[in-house]
Amino acid sequence: MCGRYTLKASAQELIEAFELAHDDGLDLAPDPASERPPVPLGAPPLTWSPRFNIAPTQSLPIIANVPGPRLIRFARWGLVPSWAKDPKIGSRMINARSETVADKPSFRSPFRRQRCLVPADGFYEWQRVGKAKRPMHIGLDGGGLFAMAGLWERWLPRDAPGDAAPEPLHTFTVLTTTPNPLLAPIHDRMPVILPRDAWDLWLSPDDPGRSALQPLLTPYPAEAMATFEVDTLVNSARNDVPACAAPVSRLL
DNA sequence: CCAGACGTTGTT
DNA sequence: GTCTGG
DNA sequence: CCAGACGTTGTT
DNA sequence: GTCTGG
């Protein structure tokens, strides 16, 4: 589940919804684990273009649990474990089951120390109807921004090409849980959505312990969510246009 | 001890 | 790196 | 998640 | 069928 999502919001809306430290545009800081200080105020703002069909392997904004002001960083969707020999493994690590995330070798360490929020305003599920697959858009009732629970990781290439210092690759994964009653007919998993009052604990830079974190990983209330069918235009990750996220009627 | 896996989804 | 299997 | 590729050698 | 790319 959760292999596609939308982030239609503008940079300004992201800054407001996530109470980011900067008010002059998104911070250009693609390295969540960097020792370098964040780009200071006044740096050229990164212009975020609204996205209607976000797919794995793409570089996307996250809010990592690093000390200091709350900033947007960029990471690639599909967590590459630090010990991986080949970063291609990341394309199969786009989700982590919340039920087992504390124990799995790939996720255990990030779960303790490298959590993040993944901003979104919708996600897609393909509902199986007989043989057909019907893409559905799911989001908050009203269409607002929300935070999916994520983990991030830093991976270093084994051997750097030439004498250049190896560039660290930052990646993330989205936690999943069982579906709420609204989503159950559509799919058997859904992303973990963290309510506002869970953000601070999830973004704690240290390890709150699994007994503190696990209770956050529950299905978001169905009453606060809404779904609609969309066109199969969304099937191809090459299509990233507003029509991907527009309601479609099959009564016509 | 060393070797080898390490993940999710969905489908059968 | 860390866990499981043999 | 779905779509699309899935191979090598040698030559330009 | 299975893997890679987006």
Side-chain angles (χ1 to χ4, degrees), chain A residues 1-7 33 49-61 74-114 118 120-139 148-158 166 168-169 171-179 183-193 207 210 217 219 227-241 243-245 248:
Chain A
M1 111 47 18
C2 201
R4 299 286 178 88
Y5 65 94
T6 65
L7 186 52
S49 299
R51 294 288 308 276
F52 306 90
N53 191 5
I54 288 169
T57 73
Q58 296 174 347
S59 183
L60 299 160
F74 280 79
R76 209 183 69 168
W77 187 11
L79 187 144
V80 178
S82 58
W83 41 260
K85 294 193 182 83
D86 186 345
K88 284 199 283 279
I89 189 72
S91 63
R92 279 171 289 160
M93 303 283 218
I94 65 174
N95 295 131
R97 294 175 64 89
S98 56
E99 298 91 334
T100 55
V101 69
D103 299 309
K104 295 292 185 184
S106 295
F107 302 134
R108 183 185 151 109
S109 170
F111 181 66
R112 284 184 305 200
R113 308 186 195 296
Q114 294 168 187
V118 181
D121 38 37
F123 57 91
Y124 297 104
E125 299 286 3
W126 278 258
Q127 179 177 26
R128 304 195 100 84
V129 183
K131 284 184 200 173
K133 279 182 286 187
R134 207 178 267 179
M136 304 288 290
H137 176 279
I138 299 119
M148 299 189 289
L151 308 177
W152 61 273
E153 183 58 286
R154 193 172 98 126
W155 180 83
L156 284 170
R158 286 267 165 184
L169 173 68
T171 59
F172 73 95
T173 191
V174 174
L175 273 60
T176 65
T177 185
T178 53
L183 270 69
I186 298 174
H187 210 68
D188 63 354
R189 304 292 292 170
M190 70 176 282
V192 173
I193 295 173
D207 179 10
R210 78 157 85 182
L217 308 181
T227 74
F228 53 83
E229 186 178 356
V230 295
D231 194 89
T232 53
L233 179 71
V234 77
N235 285 13
S236 173
R238 301 187 130 87
N239 299 326
D240 185 11
V241 293
C244 290
V248 86

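Side-chain atoms are counted along with the backbone in the values below, which use heavy atoms only and exclude waters and symmetry mates. To find a chain, count down the sequence lines: A is the first, B the second, and so on, and within it residues start at 1.
Across the protein-nucleic acid pair, A:Ile94 atom CD1 and E:dG5 atom P stand 15 Å apart, rounded to whole Å. In this structure, the CG atom of A:Leu156 is 12 Å from the P atom of C:dG1, given to the nearest Å. One interatomic measurement links the two molecules: CE of A:Met148 to P of D:dC1, which rounds to 14 Å at whole-angstrom precision. One can place CD of A:Glu153 at 12 Å from P of C:dT2, the figure rounded to the nearest angstrom. What separates CZ of A:Arg4 from P of E:dG5 is a distance of 16 Å, to the nearest Å. The separation between A:Gln58 atom CD and D:dC2 atom C1' is 13 Å, rounded to whole Å. In this entry the distance linking NZ of A:Lys88 with P of B:dT8 reads 21 Å, nearest Å. For the pair A:Lys104 NZ and C:dT4 C1', the interatomic distance rounds to 11 Å; values are reported in whole Å.
Here A:Pro81 lies out of heavy-atom contact (under 4.0 Å) with every strand. At a threshold of 4.0 angstrom between heavy atoms, the contacts of A:Trp83 include nucleobase atoms, whether or not backbone atoms are also involved. Using a 4.0 Å heavy-atom distance criterion, A:Ser82 is classed as making no nucleic acid contact. Note on A:Phe107: only backbone sugar-phosphate atoms sit closer than 4.0 angstrom, heavy atoms only; bases stay farther off. A:Ser59 comes within 4.0 angstrom of nothing in the nucleic acid, heavy atoms only.
Of the side-chain N and O atoms in A:Arg92, none sit less than 4.0 angstrom from OP1 or OP2 of B:dT9. Side-chain nitrogen and oxygen atoms of A:Arg189 include none within less than 4.0 Å of the OP1 or OP2 phosphate oxygen of D:dC1. For A:Lys133 and D:dC2, the shortest distance from a side-chain N or O to OP1 or OP2 is below 4.0 Å. A close approach under 4.0 Å does occur between a side-chain nitrogen or oxygen of A:Thr176 and OP1 or OP2 of B:dT9.
Using atom C1' as the reference point in both B:dC1 and D:dT8, the two lie 43 Å apart (nearest Å). When the C1' atom is used for both B:dT12 and E:dT2, the distance is 16 Å, rounded to whole Å. Here, B:dT9 and C:dG1 have their P atoms 28 Å apart, quoted to the whole Å. Across E:dT4 and B:dG7, the matching C1' atoms stand 16 Å from one another, rounded to whole Å. With both ends at atom P, the span from B:dC6 to D:dA3 equals 28 Å, rounded to whole Å.
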Report task. Report the C-alpha distance between A:Arg189 and A:Glu99 in whole Å, list the side-chain angles of each, state the deciding distance to 0.1 Å, and finish with yes or no for salt bridge (charged side-chain N to carboxylate O under 4.0 Å, His left out). Result -> CA-CA 12 Å; A:Arg189 304 292 292 170; A:Glu99 298 91 334; 2.8 Å; yes

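Of all heavy-atom pairs between A:Met190 and A:Leu183, the closest is CB-CD2, 3.6 Å. Scanning all heavy atoms of the two residues, the minimum distance from A:Val118 to A:Gly150 falls at CG2-CA, 4.2 Å.
Considering only side-chain atoms of A:Ala55, the nucleotide from B:dG7, E:dG6, C:dC3 that sits closest is E:dG6. Closest contact between the side chain of A:Ala237 and the listed nucleotides E:dG6, B:dC6, B:dT8 involves E:dG6. The side chain of A:Asn95 approaches B:dT8 more closely than any other nucleotide in the set D:dC2, B:dT8, B:dG7. The side chain of A:Asn235 has D:dC2 as its nearest neighbour among D:dC2, E:dG6, B:dT8.
Remark: D:dC2 base-pairs with E:dG5. Criterion, Watson-Crick or G-U wobble with two distances under 3.5 Å. Pairing for D:dT8 is absent, judged as Watson-Crick or G-U wobble with the two contacts each under 3.5 Å.
Taking CZ of A:Arg4 as the reference point, atom CG of A:Asn53 lies at 5.0 Å (rounded to 0.5 Å). Here the CG atom belonging to A:Leu217 is positioned 11.5 Å from the CZ atom belonging to A:Arg210, to the nearest 0.5 angstrom.
With contacts defined as side-chain heavy-atom distances shorter than 4.5 Å, the pair A:Glu153/A:Phe107 does not qualify.
Classification of the A:Trp77-A:Phe172 ring pair by plane angle, with boundaries at 30° and 60°, yields parallel.
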